[in-house]
Amino acid sequence: MLPKSIVAATLGLFSATSLQAGVQIRFIEGAPKDRFVLTNVGTCEVEASTLKIDLSQSAGRLIFDVTEKGAGVEVFQPLEFVEGADALRQIPAVVDGQDTIELEIASLAAGDKLAFTIDVDDTIGQREITVTGSEIEGATVAYTDADKTSTATFSSEALVNVTTKDC
């Protein structure tokens, strides 16, 4: 039988390394700007990859509202990076009414964040300008690098964790 201290240390090692590579994406409803915050929660650098946020399967059938005239309602907000834009190969273009955005990541160090604001509207609810966590539920995030693609789904807490390439 192993001493408790060895068992505890071993369990701690497993829990500390269980998510060696991953990105967490949080959606934060805001007025007038909504925010997406991507955090490299793993111990590995995320590089040479694409992260695609796809709102098409969300409970609220969400879209990006980036121009005054178009698919969105009332207030609109164009895409604006507020943190970590230097981690991208290029700033993506977003068309009004679009339901996906692709972020081409050059390099995002462990613990670093990439955040952007934009207006997100639902297309089937009663309050199109306010998006709740349950309305983004079902939206997906796909991480693709040279070796694989991993996909995960937003929860009703407006949060998703997607596995990235191991170190």
Side-chain angles (χ1 to χ4, degrees), residues 11-12 14-47 49-66 72 75 77-88 91-92 94 97-145 148-167:
L11 289 175
F14 283 123
S15 66
T17 60
S18 63
L19 183 59
Q20 295 234 349
V23 174
Q24 180 181 84
I25 300 95
R26 177 175 299 280
F27 171 75
I28 303 162
E29 160 65 34
K33 297 179 180 183
D34 301 312
R35 181 182 295 248
F36 286 86
V37 179
L38 295 78
T39 306
N40 181 349
V41 294
T43 57
C44 310
E45 182 175 1
V46 174
E47 56 187 356
S49 56
T50 302
L51 205 67
K52 179 179 181 180
I53 299 172
D54 183 349
L55 304 176
S56 66
Q57 298 302 308
S58 62
R61 298 297 184 256
L62 304 178
I63 59 167
F64 296 112
D65 181 14
V66 296
V75 179
Q77 292 296 326
L79 174 67
E80 179 184 0
F81 281 85
V82 294
E83 186 174 357
D86 57 336
L88 297 174
I91 302 297
V94 178
Q98 186 171 310
D99 59 11
T100 62
I101 186 170
E102 287 193 22
L103 306 172
E104 293 182 38
I105 299 172
S107 179
L108 186 65
D112 281 1
K113 293 182 180 184
L114 175 63
F116 63 91
T117 59
I118 195 166
D119 185 27
V120 178
D121 290 347
D122 74 60
T123 60
I124 60 172
Q126 294 178 358
R127 295 199 58 203
E128 294 93 351
I129 61 171
T130 304
V131 175
T132 64
S134 61
E135 289 177 302
I136 199 166
E137 184 176 13
T140 60
V141 174
Y143 167 84
T144 304
D145 63 23
K148 68 173 186 172
T149 296
S150 301
T151 304
T153 305
F154 272 94
S155 70
S156 61
E157 286 80 38
L159 185 70
V160 62
N161 290 297
V162 64
T163 304
T164 59
K165 186 176 184 177
D166 287 332
C167 306

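Because the structure is predicted, anything quoted here is derived from the model rather than measured.
For Thr163 (side chain) and Ser150 (main-chain N/O), no donor-acceptor pair under 3.5 Å exists by modelled atom type.
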| field | Full working for side-chain contact (heavy atoms from CB on, under 4.5 Å) between Phe36 and Val120 | value | CA-CA 10 Å; Phe36 286 86; Val120 178; 3.9 Å; yes

| message | Determine whether Leu55 and Ile63 satisfy the following criterion, side-chain contact (heavy atoms from CB on, under 4.5 Å), listing intermediate values before the conclusion. | response | CA-CA 7 Å; Leu55 304 176; Ile63 59 167; 6.0 Å; no

| message | Quick one, Glu29 with Asp34, criterion side-chain contact (heavy atoms from CB on, under 4.5 Å). Give me CA distance, side-chain angles, the key distance, then yes/no. | response | CA-CA 5 Å; Glu29 160 65 34; Asp34 301 312; 3.0 Å; yes

| request: Report the C-alpha separation of Leu62 and Thr123 in whole Å, then their side-chain angles, then the decisive distance to 0.1 Å, and conclude whether the side-chain contact (heavy atoms from CB on, under 4.5 Å) test is met. | output: CA-CA 6 Å; Leu62 304 178; Thr123 60; over 6 Å; no

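With values rounded to the nearest 0.5 angstrom, Phe27 atom CZ is found 5.0 Å from Ile136 atom CD1. Between atom CD of residue Gln57 and atom OG1 of residue Thr140 there is a gap of 7.5 Å, rounded to the nearest 0.5 Å. Distance check: Phe154 CZ to Leu159 CG gives 7.5 Å after rounding to the nearest 0.5 Å. In this structure, the separation between CG on Leu114 and CG on Leu38 is 5.0 Å, given to the nearest 0.5 Å. Arg61 CZ to Glu135 CD: the interatomic distance, rounded to the nearest 0.5 Å, is 11.5 Å.
Contact record, Thr149 with Ala142: CG2-CB, 4.3 Å, taken as the closest heavy-atom pair.
Scored by the side-chain hydrogen bond (donor to acceptor under 3.5 Å, both in side chains) test, Thr100 finds no partners at all (sequence neighbours excluded). Partners of Thr153 by side-chain hydrogen bond (donor to acceptor under 3.5 Å, both in side chains), not counting sequence neighbours: none found. Checked against side-chain hydrogen bond (donor to acceptor under 3.5 Å, both in side chains), Gln24 has the following partners two or more places apart in sequence or in another chain: Asn161. Here Phe81 pairs with Phe116 under the ring pair (Phe, Tyr, Trp, His ring centres under 6.0 Å) rule; sequence neighbours left out. Residues satisfying the side chain to side chain contact (heavy atoms under 4.5 Å, CB included) test with Ser56, not counting sequence neighbours, are Asp54, Asp99. Every side chain to side chain contact (heavy atoms under 4.5 Å, CB included) that Arg35 has, sequence neighbours left out, goes to Ile28, Val37, Val82, Ala115, Thr117. Scored by the side-chain hydrogen bond (donor to acceptor under 3.5 Å, both in side chains) test, Asp145 finds Tyr143 as partners (sequence neighbours excluded). By the salt bridge (charged side-chain N to carboxylate O under 4.0 Å, His left out) test, Glu80 is found to be paired with Lys33, residues two or more places apart in sequence or in another chain being considered.
Arg26 has its side chain out of reach of Thr39: every pair of non-hydrogen atoms, C-beta onward, lies at least 4.5 Å apart. Two residues are said to be in side-chain contact when any heavy atoms from C-beta on lie closer than 4.5 Å; Pro92 and Leu79 meet this criterion. Using a 4.5 Å heavy-atom threshold, the side chains of Leu51 and Ile25 count as touching.
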Output a table of donor-acceptor pairs, distance under 3.5 Å, between side-chain atoms of residues 102-111 and any protein atom two or more places apart or on a different chain; print 'none' if there are none.
residue, atom, partner, partner atom, Å
Glu104, OE1, Arg89, NH1, 3.4
Glu104, OE2, Gln90, NE2, 3.3
Ser107, OG, Glu45, OE2, 2.0

